[in-house]
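Got a structure for you, written out below as structure tokens; questions coming shortly.
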Amino acid sequence: MKKRPTLILASGSPRRLALLQQIGIDPDKLLPADIDESPHRGESPRALATRLARTKAEAARRDADRLVEGADTVILAADTVVAVGRRVLPKAETSDQADACLQLLSGRAHRVYTGVCVSASKGVLRQRVIETRVRFKRLSRQEIRDYLASGEWRGKAGGYAIQGLAGSFVAKLVGSYPNVVGLPLYETATLLSGVGYPATALWADPAALSA
């Protein structure tokens, strides 16, 4: 039996790791790619998610080739962008940033784009960008204050985490829910399978899945 490739996740996000593990995929190594995530002038949110995912995959590929020279490796990279129209919302690092995001999202629709990029051997690179539409209910000032006090917003694109307390803000969602969390699972598994990574290989081994 052919040995499966080494899978490297080019992210330190615990959410992306948990999503992968949910479908029975456990990366062999985490190799976060440290890149400048600033949008280019005039760049659309979709184009930004696409570019950042590819740039992360390429950076992780260079690092992996040095660390595991000669090994058959598959790199998985992703980046999630939250936008209102063409306006890209930040990954909130301060309560003021999160407050501004929540006020903007209150009572209106926004879009979440996740670019997913897979880099395999012999220069093979495949990529998708997935879009989910989300509409928030109208948030009261007290709800925003309470959410800010929770600290859950910290480091989250758009200043919220749909898989947490902010799930109660969502009035409507069209598209992939795990995409909003940070990794669209159907498309990710399809990309991995397309480059020869056996995405479902461990499903028949309950011991491995529960390890």
Min side-chain heavy-atom separation L9-K29 under 4.5 Å:
no
R61: what forms a salt bridge (Lys or Arg N to Asp or Glu O under 4.0 Å) with it, not counting sequence neighbours?
D65
Can you tell me how far CD1 of I23 sits from OG1 of T200, rounded to the nearest 0.5 angstrom?
10.0 Å
Given salt bridge (Lys or Arg N to Asp or Glu O under 4.0 Å), test D79 with K91 step by step and report yes or no.
CA-CA 11 Å; D79 194 85; K91 291 181 180 176; 3.6 Å; yes
Does L185 form a side chain to side chain contact (heavy atoms under 4.5 Å, CB included) with Q22? I'd like the steps, not just the answer.
CA-CA 9 Å; L185 294 178; Q22 177 186 318; 3.7 Å; yes
Salt bridge (charged side-chain N to carboxylate O under 4.0 Å, His left out): which pairs involve residues 105-117, sequence neighbours left out?
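Sorted result for residues 105-117: R111-E131.
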Indicate yes or no for a side-chain donor-acceptor contact from S106 to the backbone of L139 under 3.5 Å, with no hydrogens or angles considered.
yes
Before you tell me yes or no, could you show the steps for R54 and E58 under salt bridge (Lys or Arg N to Asp or Glu O under 4.0 Å), namely the whole-Å CA-CA distance, both residues' side-chain angles and the distance that decides it to 0.1 Å?
CA-CA 6 Å; R54 181 172 186 137; E58 291 170 341; 3.1 Å; yes
For E187, enumerate each residue passing the salt bridge (Lys or Arg N to Asp or Glu O under 4.0 Å) test, keeping only those at least two apart in sequence or located in another chain.
none
Evaluate the side-chain proximity of P5 to S121: yes if any heavy-atom separation is below 4.5 Å, no if none is.
no
Do Y113 and L104 belong together in a cluster built from hydrophobic side chains that touch within less than 4.5 Å?
no
Under the 3.5 angstrom rule, does the side chain of R126 hit a backbone N or O of G194 as a donor-acceptor pair?
yes
Drop me the distance from L76's CG to L20's CG, to the nearest 0.5 angstrom.
5.5 Å
Would D99 and R141 pass as an ion pair if we require N to O under 4.0 Å?
yes
Given the rule that I, L, V, M, F, W and Y join up when any side-chain heavy atoms are under 4.5 Å apart, are I130 and I162 in one cluster?
no
Please name all residues satisfying salt bridge (Lys or Arg N to Asp or Glu O under 4.0 Å) with D63, sequence neighbours left out, ordered by chain then number.
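For D63, the residues satisfying salt bridge (Lys or Arg N to Asp or Glu O under 4.0 Å) (neighbours in sequence not counted) are R66.
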Ionic contact status for K122 with D72, cut-off 4.0 Å
no
Only counting residues at least two apart or in another chain, list the ones meeting salt bridge (Lys or Arg N to Asp or Glu O under 4.0 Å) with R128.
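Per chain and number, R128 pairs via salt bridge (Lys or Arg N to Asp or Glu O under 4.0 Å) with no residue.
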Under 4.5 Å between side-chain heavy atoms, hopping through other hydrophobics if needed: is there a path connecting I35 to L183?
no
Can you list everything that forms a side-chain contact (heavy atoms from CB on, under 4.5 Å) with A47? Sequence neighbours excluded, please.
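Listed in chain order: E43, S44.
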Single-linkage hydrophobic cluster V116~V74, side-chain heavy atoms < 4.5 angstrom:
yes
Just do the side chain to side chain contact (heavy atoms under 4.5 Å, CB included) check on T114 and V129 with the steps written out, would you?
CA-CA 6 Å; T114 299; V129 60; over 6 Å; no
Under the side-chain contact (heavy atoms from CB on, under 4.5 Å) test, residues paired with Y186 that sit two or more places apart
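Y186 satisfies side-chain contact (heavy atoms from CB on, under 4.5 Å) with T190 once adjacent residues are dropped.
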How many angstroms lie between atom CD1 of I75 and atom CG of L7, to the nearest 0.5 angstrom?
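Answer for the CD1-CG pair, I75 versus L7, is 8.0 Å.
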Residues which pass side-chain contact (heavy atoms from CB on, under 4.5 Å) with A92, listed by chain and number, not counting sequence neighbours:
Q97, A98, W153
About how many Å separate CG of L30 and CD1 of I8, when rounded to the nearest 0.5 Å?
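I8 atom CD1 to L30 atom CG measures 9.5 Å (nearest 0.5 Å).
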Nearest 0.5 Å please: distance from the NZ atom of K56 over to the SG atom of C117.
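Nearest 0.5 Å value for the NZ-SG distance: 11.5 Å.
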Residues in side-chain contact (heavy atoms from CB on, under 4.5 Å) contact with V88, at least two apart in sequence or another chain:
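For V88 the side-chain contact (heavy atoms from CB on, under 4.5 Å) partners, ignoring immediate neighbours, are P45, L48, V81.
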Only pairs at least two apart or in different chains count here, so list each salt bridge (charged side-chain N to carboxylate O under 4.0 Å, His left out) that has a residue in residues 142-156.
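Qualifying pairs, neighbours excluded: K137-E143.
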Single-linkage hydrophobic cluster L89~L173, side-chain heavy atoms < 4.5 angstrom
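Yes: a chain of side-chain contacts under 4.5 Å links L89 to L173.
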Salt bridge (charged side-chain N to carboxylate O under 4.0 Å, His left out) pairs, two or more places apart, involving residues 7-24
none
Contacts of F169 that satisfy ring pair (Phe, Tyr, Trp, His ring centres under 6.0 Å) - sequence neighbours left out
F136, Y147
Do side-chain atoms of T6 reach the backbone of T73 as a donor and acceptor pair under 3.5 angstrom?
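Flag not set: sc T6 to bb T73 has no pair under 3.5 Å.
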Can D96 and T94 be counted as having a side-chain donor-acceptor contact under 3.5 angstrom?
no
To the nearest 0.5 Å, tell me how far L31 CG sits from S11 OG.
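It comes to 10.5 Å.
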